[in-house]
Amino acid sequence: MRIPEPLKPGDTIAIVAPSFGATTDPYTFRFEEAVRQFKNRGYRVVIGDCCYKSDGLGISTHPATAAQELMYYYMNPDIHAVFSCGGGELMCETVQYIDFEMLRSAPAKWFLGYSDNTNFIFPLVTLCNTAALYGPNAPGFGKPWEQAEYYVWDILEGKTDTVHGYEMFQNPDVESEDPLSPYILTDTKELTVYVPDEKNPGTLKKLGDSEQLTISGTILGGCLDCINGLSGTPFENVKDFNLNHKNVIWTLECCDYNPMDIRRALWHLKQCGWFKNASGFVFGRPLAAFRQEMMGVNQYNAVTGILEDFGVPVIFDADFGHIDPVMPLIIGADATVKVKGDDISIKFNK
């Protein structure tokens with residue numbers, strides 16, 4: 001796996017819009033504030049034209065144009081990192097115009113984004129053997145920086161290899177009218193962790209609060225809504241990825257999926273043979289399925305009922321995904337995940 005070189009002040013960051021851009025407030029306001037923050041840290045910033053376009057159907061512009069912009073900046077030797085301007089809904093249409101064979105032979109550089117950007121990150125890792133950073137899109141830095149934002153920058157600059165979870169998070173129903181608001185920490189984070197039950201093979205039991213769990217392997221994942229759509233297309237190569245990575249930590253989170261969607265998606269990927277090398281699963285807090293139940297199915301048993309027979313640990317409500325604050329994840333990196341009680345840490349072995 002190719003891990004990009006660290007960034008340093010004076011380097012140039014390109015911001016592109018392979019999905020949504022930043023054409024309405026508060027996104028425009030926060031995007032411009034984020035650019036100011038990047039420049040204040042000593043970086044040059046180049047903004048792709050698509051960031052300010054909104055002439056596409058459910059996307060910033062025509063997918064071929066968005067893909068051309070992404071390819072141009074990723075392949076440009078004067079650009080040292082590429083950030084996504086936003087998430088969205090239809091980046092799957094952009095990905096069909098991206099030349100991953102060309103990216104495979106290009107020097108590795110950091111790509112940063114999350115949610116719909118899984119459509120680029122996942123094939124970049126599985127097709128091009130190049131790691132990427134699953135973390136806030138550019139406008140996410142257009143606020144007073146807290147530990148979550150500093151973690152991203154410390155990873156990009158090679159100053160840390162470990163991230164920790166947070167004590168509290170912002171309930172998704174809570175919003176502020178102030179676009180520069182810090183996180184409104186409303187809820188105490190509680191991890192739910194299951195481990196194999198040795199007395200009953202093929203089943204899981206809850207891990208005690210005083211017990212410590214350690215999982216090692218290669219990080220692979222992103223937004224399940226997107227990953228499920230990529231399966232079986234030319235834009236994933238999990239079969240060969242599993243040949244080269246015998247222990248895989250699947251890090252998954254969901255945006256629009258309800259509990260039934262989650263269960264169906266995991267069933268589908270399981271039948272595709274994707275999880276055969278799983279050493280563990282880590283699920284971020286889901287957005288739509290958060291504390292939701294449908295016909296007895298919730299965000300927990302939607303998962304355990306499908307994955308328990310793999311005989312590996314399953315961690316729920318970790319600090320990544322669509323509910324802030326989040327830990328950045330280096331998708332493609334070997335890592336060690338440690339959990340004890342409600343504390344979680346991830347050390348990336350770069």
Side-chain angles (χ1 to χ4, degrees), residues 92 114-119 121-123 125-126 134 191-197 200-207 213 215 217-233 235-239 241-242 245-323 329 331-332 335 337 339 344:
C92 56
Y114 87 110
S115 189
D116 207 27
N117 293 282
T118 299
N119 285 291
I121 292 174
F122 198 81
V125 172
T126 61
Y134 195 78
L191 294 176
T192 299
V193 182
Y194 288 89
V195 294
D197 186 345
N200 298 287
T203 64
L204 297 171
K205 65 177 182 179
K206 279 193 174 183
L207 182 73
L213 171 67
I215 310 172
T218 306
I219 298 286
L220 185 62
C223 183
L224 183 61
D225 311 38
C226 303
I227 289 173
N228 193 44
L230 290 172
S231 63
T233 73
F235 309 110
E236 57 88 1
N237 191 17
V238 175
K239 181 179 180 180
F241 188 90
N242 277 329
H245 303 273
K246 298 305 182 183
N247 294 288
V248 178
I249 302 174
W250 283 90
T251 54
L252 300 167
E253 57 97 8
C254 304
C255 180
D256 297 327
Y257 273 7
N258 63 40
M260 293 295 190
D261 294 324
I262 294 172
R263 193 173 177 104
R264 284 190 290 263
L266 293 176
W267 177 89
H268 172 72
L269 298 179
K270 178 182 179 180
Q271 300 309 313
C272 291
W274 280 27
F275 302 143
K276 66 177 185 177
N277 286 355
S279 58
F281 295 87
V282 186
F283 285 84
R285 290 182 289 266
L287 185 58
F290 184 67
R291 296 172 180 169
Q292 185 186 42
E293 184 173 302
M294 300 178 66
M295 299 172 62
V297 180
N298 58 41
Q299 67 191 77
Y300 305 109
N301 60 26
V303 174
T304 56
I306 301 297
L307 302 181
E308 63 183 355
D309 57 352
F310 285 103
V312 298
V314 182
I315 301 167
F316 290 99
D317 296 324
D319 304 284
F320 64 89
H322 285 73
I323 300 180
L329 303 174
I331 307 296
V337 178
V339 171
I344 181 170

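For the atom pair OG1 of Thr203 and CG of Asp197, the computed distance is 4.0 Å after rounding to the nearest 0.5 Å. Separating the CD1 atom in Ile262 from the CG atom in Asn301 is a distance of 10.5 Å, to the nearest 0.5 Å. Remark: Cys226 SG to Tyr257 OH distance equals 8.5 Å, nearest 0.5 Å. Separating the OH atom in Tyr134 from the CZ atom in Phe320 is a distance of 8.0 Å, to the nearest 0.5 Å.
Of all non-hydrogen atoms in Leu230 and Thr118, the two that sit nearest each other are CD1-O, 4.1 Å. Looking at every heavy atom in both residues, Ala335 comes nearest to Ile249 through O-CD1, 3.9 Å.
Put simply, the side chain of Asn242 never gets that close to the backbone of Asn277: no donor and acceptor are under 3.5 Å apart. Panel note: side chain Asp261, backbone Arg264; no donor-acceptor pair is recorded below 3.5 Å. With hydrogens and angles ignored, the 3.5 Å screen pairs no side-chain donor or acceptor of Tyr114 with any backbone N or O of His322.
Among residues at least two apart or in separate chains, salt bridge (charged side-chain N to carboxylate O under 4.0 Å, His left out) pairs with a member in residues 285-297 are Asp187-Arg291, Arg285-Asp319. For residues 296-306, no residue pair satisfies the salt bridge (charged side-chain N to carboxylate O under 4.0 Å, His left out) rule, not counting sequence neighbours.
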Determine, step by step, whether Ile331 and Thr251 satisfy the side-chain contact (heavy atoms from CB on, under 4.5 Å) criterion, reporting the C-alpha distance in whole Å, the side-chain angles of both residues, the deciding distance to 0.1 Å, and the verdict. CA-CA 9 Å; Ile331 307 296; Thr251 54; 3.9 Å; yes

Before you tell me yes or no, could you show the steps for Leu224 and Glu253 under side-chain contact (heavy atoms from CB on, under 4.5 Å), namely the whole-Å CA-CA distance, both residues' side-chain angles and the distance that decides it to 0.1 Å? CA-CA 6 Å; Leu224 183 61; Glu253 57 97 8; over 6 Å; no

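You'll find the side chain of Phe235 stays beyond 4.5 Å of the side chain of Thr126, heavy atoms only. Annotation: side chain of Trp274 is not in contact with side chain of Val248 (no heavy-atom distance under 4.5 Å). Between Leu252 and Leu266 there is a side-chain heavy-atom pair separated by less than 4.5 Å. Annotation: side chain of Ile323 is in contact with side chain of Leu287 (closest heavy-atom distance under 4.5 Å). The shortest distance between side-chain heavy atoms of Asp317 and Tyr300 falls below 4.5 Å.
Taking the six-membered ring where tryptophan is involved, the planes of Phe283 and Phe316 are essentially parallel, since the angle between them stays under 30° and well short of 60°.
The side-chain contact (heavy atoms from CB on, under 4.5 Å) test with Val339 is passed by exactly one of Val282, Ile315, Ile215: Ile315.
The neighbour count for Lys246 NZ, taken as heavy atoms of other residues, nucleotides or ligands under 6.0 Å away, is above 12.
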Kindly list each side-chain donor-acceptor pair under 3.5 angstrom involving residues 305-313, sequence neighbours excluded, with atom names and distances?
{"residue": "Asp309", "atom": "OD1", "partner": "Lys270", "partner atom": "NZ", "Å": "3.0"}
{"residue": "Asp309", "atom": "OD2", "partner": "Lys270", "partner atom": "NZ", "Å": "3.0"}

